[in-house]
Novice: 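Before I ask anything, here is the structure I am working with.
Numbers restart at 1 for each chain; the letters A, B, ... are given by sequence-line order, proteins then strands. The figures that follow rest on heavy atoms only: side chains count, while hydrogens, waters and symmetry mates do not.
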Amino acid sequence: MRGTRDRSRRLTIGVTAGVLLVLGLSALPARAYLEAAVEPSDALTLVRQALAAMEVTPPAVSVATGKIIKALFARDTRGVDMTRVQEAAQALGELDTAAAAAQLIAALRPARMGPGGVDATLLMPLQPRFAGTPTAYVLLVGAALLLAAGGLIIRR
Amino acid sequence: MTLPSRWNRVWVAVDARFVLHNFLYEVPAYANTLPYLLGAVTLAGLVILIITGVLLGQFYAPDPSVANVSIRLIMTQVAGGEVIRGIHLWAAHLTVVVLLLHLMRVYVTGAYRFPREANWAVGVALLGTLLALFFTGTVLRWDQEAIEALAHNVAFARLLGVFGGWFSPAFSSHVPLLTRLYMAHVSLLPLVLFILLSGHLYLVRQHGFSPHLARPETAQPRYTFAHHLKRAAGYGCIMLGLALALAVIWPPGEGPAPVSGIEVTKPPWLFLPAYGLETLFGLAGLWGTVAVFLWLLAIPILDRGGAPGWRGRRRALAAGAAVAIAVIGLGVYAWLSYPVAHLH
């Protein structure tokens, strides 16, 4: 009886010590994470952020607007065609998101392999669609054969 | 007396060396029904993922400066690259769905009870490993969604203190985190998966298939495990066919090159419940995911004794239903809600 009580006491102490050790270590500030998030101030990054906000579905218009406004007031405008950014802001004001996104892409074109290393082809999503080519139909026939073969194996 | 045919002689020669007759042990008939085949179908999905993953690995560059470009090149320049990538992605989704159904089947039938508690724990660890593989795969795309997922990963690691140190960019200052996550995706996590899977299959072999709730085992005609494997291969063919069809009809795209410091995307469906928790409770909401895993691990302890059927497990079933409803509810909430900034 006493042995059982001692065992359960040791177990409780062990578990408590383990939990305290885990919590204590978790609470230690890891030096690796001391870096703080810094709001970018250069137009290039801000325009890229605005573009990223425009390219999601549905477009994050308020986020994009905020970033464009900050870009318009940025001191460092290297690699960005600011006239295009102004036109993007105007298009966004008219809620023409497609035109705004196009203007932002155009604004970054001078930056191709320039400051920031932005490649204009990478600014747009690559979204393939069903091609409807003979190869696509051959692959679909292959898929149908696999489905049929699977069904056959299960039934046998 | 009939002479053994050529195939029989081959079988005898191969079996003498590889002891394959060990796989001919008897299994009950219900083990060949779909609910009891889901684990094996998950394994078939993993085989598809490994083969397509090895192929993709030949053309993927795990460096932040070229990762997005390399995926675009896989889609446009590599022969069959777009289809292989599509199969990999869709097979990943299908495998996770099948694994979750397998988990639900084991839970509903109470198959985690004595003597299978350890195997349940191994299964939960396998689920975690597969989710980690899915997550790292998402990051490897290196588009906006990927970089935001990575930022959440780093931020949550910060909550873990020194335990999250591996996810810090400063852990290895000269190797980008993307490269290390790629290493985890193609070697570390598959190794963990292999070890866990070996243990899982070993324990399944030792304990046998969990009993059926309605059909007594003695009344069942018996088949061999080879028959079970054959049916799993059949479902594997169906999974590959489905993944191929989906890859052709809905080929996965690639987003623009990412830019950090912004949050405008939502994660894949699998992580939407965690995203919902983050929206409601901030980053600390991600502890909810940890809590669900701890609850899963504790189930065999919480649900002991009582009758083995559904009637004796009403509380466990109610708890499972409540957690499932909460998880699905959070997922739907996150899916319907507008993306919000959790970190900035």
Novice: In terms of heavy-atom pairs under 4.5 Å, which option from A:L147, A:T45, A:L51, A:V63 contacts chain B the most?
Specialist: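 Looking at each option in turn, the highest pair count goes to A:L147.
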
Novice: Provide the closest heavy-atom pair for B:V264 versus A:A60 in the form atom of the first, atom of the second, distance.
Specialist: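 Minimum heavy-atom contact is CG1-CB, 3.8 Å.
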
Novice: Assess whether atom CH2 of B:W269 is packed by more than 12 heavy atoms of other residues, nucleotides or ligands within 6.0 Å.
Specialist: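 Atom CH2 in B:W269 is crowded, with more than 12 foreign heavy atoms closer than 6.0 Å.
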
Novice: Can you pull out the residues in residues 37-47 of chain B with any heavy atom less than 4.5 Å from chain A?
Specialist: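 Answer by number: none.
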
Novice: With chain A, which of B:L246, B:V248, B:I249 has the greatest number of heavy-atom pairs at distances under 4.5 Å?
Specialist: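 Most heavy-atom pairs within the cutoff with chain A belong to B:V248.
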
Novice: Using every non-hydrogen atom in the two residues, find where A:M124 and B:R72 come nearest and quote the distance to one decimal.
Specialist: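 Nearest heavy atoms, A:M124 then B:R72: O-NH2, 2.7 Å.
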
Novice: Testing the basics here: between A:F130 and B:P251, what is the closest heavy-atom pair and its distance to 0.1 Å?
Specialist: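 A:F130 and B:P251 have their closest heavy atoms at N-CD, 4.3 Å.
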
Novice: Report which part of A:P59 has an atom under 4.5 Å of a heavy atom belonging to chain B: side chain, backbone, both, or neither.
Specialist: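 The backbone, not the side chain.
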
Novice: Side chain, backbone, both or neither: which part of B:T76 has a heavy atom under 4.5 Å from chain A?
Specialist: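 The side chain, not the backbone.
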
Novice: Shorter than 4.5 Å, heavy atoms on both sides: which option in A:A144, A:A53, A:A149 has the most such pairs with chain B?
Specialist: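 Greatest number of close heavy-atom pairs with chain B: A:A53.
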
Novice: At a heavy-atom distance under 4.5 Å, which candidate from B:K230, B:Q144, B:K266 has the highest pair count against chain A?
Specialist: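 Going by pairs under 4.5 Å, I would pick B:K230.
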
Novice: Please report the shortest heavy-atom distance between B:G253 and A:P128, naming the atom on each side.
Specialist: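 Reported closest heavy-atom pair: CA-CD, 3.7 Å.
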
Novice: What distance do A:L126 atom CG and B:E82 atom CD have between them, rounded to the nearest 0.5 Å?
Specialist: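 Rounded to the nearest 0.5 Å, the CG-CD separation comes out at 7.5 Å.
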
Novice: Against chain B, label A:T57 side chain, backbone, both or neither, depending on which of its atoms sit under 4.5 Å from a heavy atom there.
Specialist: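 Neither part.
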
Novice: Got more than 12 heavy atoms from elsewhere within 6.0 Å of CZ, A:F73?
Specialist: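 Counting other residues, nucleotides and ligands, CZ of A:F73 stays at 12 neighbours or fewer.
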
Novice: Working to the nearest 0.5 Å, report the span between CZ of B:R231 and CZ of A:R156.
Specialist: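 Answer rounded to 0.5 Å: 13.0 Å.
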
Novice: Under a 4.5 Å heavy-atom cut-off, does chain B meet the side chain of A:R129, its backbone, both or neither?
Specialist: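 Interface part for A:R129: backbone (N, CA, C, O).
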
Novice: Checking B:P258 against chain A: side chain, backbone, both or neither under 4.5 Å from a heavy atom?
Specialist: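 When you check distances to chain A, only backbone atoms of B:P258 fall under 4.5 Å.
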
Novice: Just wondering, are more than 12 heavy atoms of other shown residues or ligands nearer than 6.0 Å to CH2 in B:W295?
Specialist: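 Enclosed.
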
Novice: Relative to chain B, which segment of A:Q49 carries a heavy atom at a distance below 4.5 Å: side chain, backbone, both, or neither?
Specialist: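 Both the backbone and the side chain of A:Q49 come within 4.5 Å of chain B.
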
Novice: Using non-hydrogen atoms and a limit below 4.5 Å, what part of residues 233-243 of chain B faces chain A?
Specialist: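 Those residues of residues 233-243 of chain B which have a heavy atom under 4.5 Å from chain A are B:G234, B:Y235, B:C237, B:I238, B:L240, B:G241, B:L242.
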
